[in-house]
> 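Following this message is one structure expressed as structure tokens.
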Amino acid sequence: MTDRPLSKRERLKIDRQEMPTSDAAERSRSFTEVNVGFTEQIALLEAQRCLDCKRATCVDGCPVSVDIPSFMGEIERGDLAAAARILFADNSLPAVTGRVCPQETQCEALCVRGRKGAPVAIGHLERFIADWARGHHHDDVAAVEPSGRRVAVIGAGPGGLTAAGELSRRGHAVTVFEALHLPGGVLSYGIPEFRLPNEIVMDEVRRLEALGVQIECNVVIGRTYTLEDLQAGFDAVFVSVGAGLPMFLDIPGEGLKGVYSANEYLTRINLMQSYAFPDANTPVLHGDRVVVIGGGNVAIDAVRTALRLGAHEATIVYRRGRNELPARVEEVSHADEEGVRFQLQVSPLAIEGNDERWVTGVRCVDTELGEPDESGRRRPMPIEGSERVIPCDTVVVAVGTRANPLLTSASPNLAVTNRGYLIADDRGMTNLPGVFAGGDIVRGSATVILAMGDGKRIAGTIDEYLHATAVTIDSHRRRVMSEKGLGTW
Amino acid sequence: MNDQQNTWVMAASGHEVITNTQLSQDVHKLVVTAPRVAAARLPGQFVIVRLGDGAERIPLTIADSNAENGTIVLVVQAVGKSTSDLVGLSAGDHIHDVVGPLGRPSDLVVEGTVVCVAGGVGAAVMYPIAQGLAALGADVITVLGARTAASVVYADELAALGELILCTDDGTAGRTGFVTDALADLLGKRPAAVVYAAGPVPMMRAVAAVTQPRDVRTIVSLNPIMVDGTGMCGGCRVTVDGKMRFACVDGPEFDAHGVDFDELDDRLGTYREFERQAMTHVCRSAG
């Protein structure tokens, strides 16, 4: 690159810039965001570390294929608006992914700078540009010729919102149906304020609305409308309902008072704002000693939330070791700094309670790691004689989710696996013509960015499908649309 | 939070309260605009309402509906801050969010005599079930109980569907005593194919205890703590036949003889202290 002032050698001399964070002791008692964000100066330095590789392997690591070297180049040139245009062209929710993507296993894992030293902080720079764009009311709304086609998206989570944005940019009229009273899915009810402020999610949603996406909250497909209603009223349907149902451990004591699923615990706090009780009316138990069972991002979110609600002890109980924790590395290190206790290679056997059926502790056993199991992770084996009770008053179970039967049970023609997940072909189409599916309801519990990757990819195949099929507005369709209140033509 | 200003919320909001009728000291009947719910609902289903900013999500049985007018009927007992806020609404006020219909529709069994047992505000939960049964031609007998005459609700509506046996604890209306006594007498005289029950947990537990030795199939409509109502939170988990079930997606109706009522009753008390605090907070703010 001739327009870059620095030589490769000079670039190699720059060390990876640290993300500024708020003070660990203070932040562990408040819901303000932990990562403060790069300044323009830090961002410029970090962008200068990019070697602008001819073969940009980092892009291969990105589920939505962001053109990383180009937006790095624009940051370096100081044209932040141009950087934002590049970013938004590939990624509908960059302010979100810049905060919650596991970059260390994606783009940054493939950055050549990581072979000797630290990779370029691609995620932090993505967040920097997305936040800059929010502050500068940058929008990428370009007038598109309306296609005259209607697409229904079920679920306003990361996958659905991404697909909605992509389809809308291609001129299709998109309506997103959301069961909760706010859009965002896991971004709203799950990921806490200190990691992803709700206002950022709502900003991203407003941007999609500016593109023409319609979002209808409080509509449950499978109950309020059936999938068949949507098939009649729309030219294509994208099912992105997430996995949904929380799993429990099937151990004694899960019916005691003081036991939550992570979904319930986080929903009460993030979506229902129960931290502000009684000003907000939804209560949540403020545990003094909280045990969170699990080692994924959701578990780490829950345990750090417990600290912020005033817990004196907030403990992760995970049956494998530190290296096996599925959570993002940054979250684990933030949790460490904040004083979260990790009981690793410890497996829960039962939740114990008192006469009034309030939780008093978790009976556990230590484990040693055996041979890798079918998931490729080493199987935890209980160590005889190591049983003990970890005293606590609140238990949060964060061991994953399974498929929600609500939509599928109402649409028996929709093909599902024996575990209830939807079956889709390589275009993302289910066995029903025009009905596509992606995200957790197809792949099982995964990440925000993988759902977004599905949303982006399948929006493309939906677009192809719409071009290949004729517009049919027959009397049946008109009748369903008007009778069901699904809009008029 | 300023979600009142957000267009996507506004688009789906505006559930107008058409009428608010006081049925007893603390029970009100609200007719609310919710055309999509009114068009889709079946007996046994419920909605979740959220009054507005900062309000709780409250599950309420759809007592009745009028698809033509696009309205549903909600019967609310003021037991805490959130339900008190709801019964305090006037005609013309709006409920911000109404989502539904939720839950599986009732399994309507139309064979022989069907006995519907309801206690207190459970009468409004039982009404759509009895209505559905009667519409299918079932021989419906309703046993309706309340603490005292003044707290009886939905007696006329239920009487219009078939025989009504009214019971009050203090004998101020109908026969004196609990619904379970009346039910035991009834089952002693007339065989019933199925018994439905809705009301306070101790009542439903007692009904199950009456019907189990007689081997009469019994279906209860459960009312556990719930947040989202779509299977996502698991707060409404109940133990039925030793297995964990979610009332919102697997219920709310279950086979009474398999339900762990002790656990249900206990878990309903999780936030008792918070309820007290919320009410005190209101009194202070108002005072």
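Here the structure is a predicted model, which is why all the values come from computation and not from measurement. Below, all heavy atoms of this structure are taken into account, side chains as well, without hydrogens, waters or symmetry copies. Letters go in sequence order (proteins before strands), and every chain restarts at 1.
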> Can you tell me which portion of A/Leu245 sits under 4.5 Å from chain B's heavy atoms? Options are side chain, backbone, both or neither.
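When you check distances to chain B, atoms from both the backbone and side chain of A/Leu245 fall under 4.5 Å.
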
> If you count heavy-atom pairs under 4.5 Å between each of B/Val99, B/Val47, B/Asp250, B/Leu264 and chain A, which one has the most?
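That would be B/Val99.
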
> Ignoring hydrogens and geometry beyond distance, is a side-chain donor-acceptor pair present between B/Thr33 and B/Glu16 at under 3.5 Å?
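No.
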
> Contact part of A/Leu266 toward chain B, heavy-atom cut-off under 4.5 Å: side chain, backbone, both or neither?
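The answer is neither part of A/Leu266.
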
> Just so I know, are the side chains of A/Leu227 and A/Leu414 near enough to count as touching, which here means a heavy-atom distance under 4.5 Å?
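Yes, close enough: below the 4.5 Å cut-off.
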
> Counting heavy-atom pairs under 4.5 Å to chain B, which of A/Val397, A/Leu406, A/Leu271 comes out on top?
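The candidate making the most pairs under 4.5 Å is A/Leu406.
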
> Just by distance, with hydrogens left out, do B/Thr239 and B/Glu263 show a side-chain donor and acceptor under 3.5 Å apart?
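Side-chain D/A pair, B/Thr239 to B/Glu263: present.
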
> Do A/Asn198 and A/Asn270 come within less than 4.5 Å of each other through their side chains, counting heavy atoms only?
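With C-beta onward as the side chain, the pair stays apart.
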
> So which residue, A/Thr401, A/Val284, A/Thr226, A/Asp250, ends up with the most heavy-atom pairs under 4.5 Å with chain B?
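Highest number of pairs under 4.5 Å: A/Val284.
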
> Do you know which two heavy atoms are closest between B/Arg267 and A/Leu256, and how far apart they sit?
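For B/Arg267 and A/Leu256, the tightest heavy-atom pair comes out as NH1-O, 3.5 Å.
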
> Side chain, backbone, both or neither: which part of B/Ile225 has a heavy atom under 4.5 Å from chain A?
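Contact with chain A: side chain only.
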
> Where on A/Val176 is there a heavy atom nearer than 4.5 Å to chain B: the side chain, the backbone, both, or neither?
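For A/Val176, there is no contact with chain B at all, as no heavy atom is under 4.5 Å.
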
> Answer with yes or no whether the side chains of A/Ser261 and A/Asn263 bring together a donor and an acceptor at under 3.5 Å.
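There is no such pair (donor and acceptor under 3.5 Å, judged by atom type) between the side chains of A/Asn263 and A/Ser261.
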
> So what's closer than 4.5 Å to chain A heavy atoms on B/Gln45: side chain, backbone, both or neither?
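Answer is side chain: those atoms of B/Gln45 sit under 4.5 Å from chain A.
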
> Locate the shortest heavy-atom distance separating A/Phe277 from B/Ala278; write the atom from each residue and the value.
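In terms of heavy atoms, the two residues are closest at CZ-CB, 3.9 Å.
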
> Where does B/Tyr271 contact chain A at under 4.5 Å (heavy atoms): side chain, backbone, both or neither?
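Just its side chain gets close to chain A.
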
> Regarding A/Tyr225 and B/Arg36, do their side chains bring together a donor and an acceptor under 3.5 Å, going by distance alone?
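Yes, a side-chain donor-acceptor pair sits under 3.5 Å.
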
> Could you walk me through whether A/Arg207 and A/Met202 satisfy the side-chain contact (heavy atoms from CB on, under 4.5 Å) test, starting with their C-alpha distance in whole Å, then the side-chain angles of each, then the deciding distance to 0.1 Å, before giving a yes or no?
CA-CA 9 Å; A/Arg207 216 166 35 72; A/Met202 295 309 147; over 6 Å; no

> Looking only at the side chains, is there a donor atom on one of B/His28 and B/Asn20 sitting less than 3.5 Å from an acceptor on the other?
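A pair is found: one side chain offers a donor N or O, the other an acceptor, under 3.5 Å apart.
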
> Between A/Tyr260 and A/Glu264, does any side-chain donor sit less than 3.5 Å from a side-chain acceptor?
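Looking only at side-chain atoms, A/Glu264 and A/Tyr260 do not form any donor-acceptor pair under 3.5 Å.
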
> Given that the side chain runs from C-beta out, which part of A/Thr224 has a heavy atom under 4.5 Å from chain B: side chain, backbone, both or neither?
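Backbone plus side chain of A/Thr224, per the 4.5 Å heavy-atom cut-off to chain B.
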
> Against chain A, work out which of B/Val238, B/Leu42, B/Asp262 has the most heavy-atom pairs shorter than 4.5 Å and name it.
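The option with the most such pairs is B/Asp262.
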
> Taking the side chain as everything from C-beta on, heavy atoms only, tell me whether B/Arg50 gets closer than 4.5 Å to B/Ile95.
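SC-SC contact between B/Arg50 and B/Ile95 ruled out.
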
> Answer with side chain, backbone, both or neither: which region of B/Met232 has an atom nearer than 4.5 Å to a non-hydrogen atom of chain A?
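Contact with chain A involves both backbone and side-chain atoms of B/Met232.
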
> Could you tell me which portion of B/Ser82 (side chain, backbone, both or neither) has an atom closer than 4.5 angstrom to a non-hydrogen atom of chain A?
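Just its side chain gets close to chain A.
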
> Given that the side chain runs from C-beta out, which part of A/Glu356 has a heavy atom under 4.5 Å from chain B: side chain, backbone, both or neither?
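Contact with chain B is through the backbone of A/Glu356 alone.
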
> Pick whichever of B/Gly100, B/Ala39, B/Pro35 has the most heavy-atom pairs under 4.5 Å with chain A.
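Highest number of pairs under 4.5 Å: B/Gly100.
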
> Would you mind checking which part of B/Arg41 comes under 4.5 Å of any heavy atom in chain A, side chain (CB onward), backbone (N, CA, C, O), both or neither?
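Answer is neither: B/Arg41 stays 4.5 Å or more from chain A.
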
> Side chain from CB out, backbone as N, CA, C, O: work out which of these in B/Val249 comes under 4.5 Å of a heavy atom of chain A, or both, or neither.
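Contact with chain A involves both backbone and side-chain atoms of B/Val249.
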
> Under a 4.5 Å cutoff for heavy-atom pairs, which residue among B/Gly231, B/Gly80, B/Cys248, B/Gly234 has the most contacts with chain A?
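Winner by heavy-atom pair count: B/Gly231.
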
> Given a strict heavy-atom distance threshold of 4.5 Å, which part of B/Arg237 is in contact with chain A: side chain, backbone, both, or neither?
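Side chain only.
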
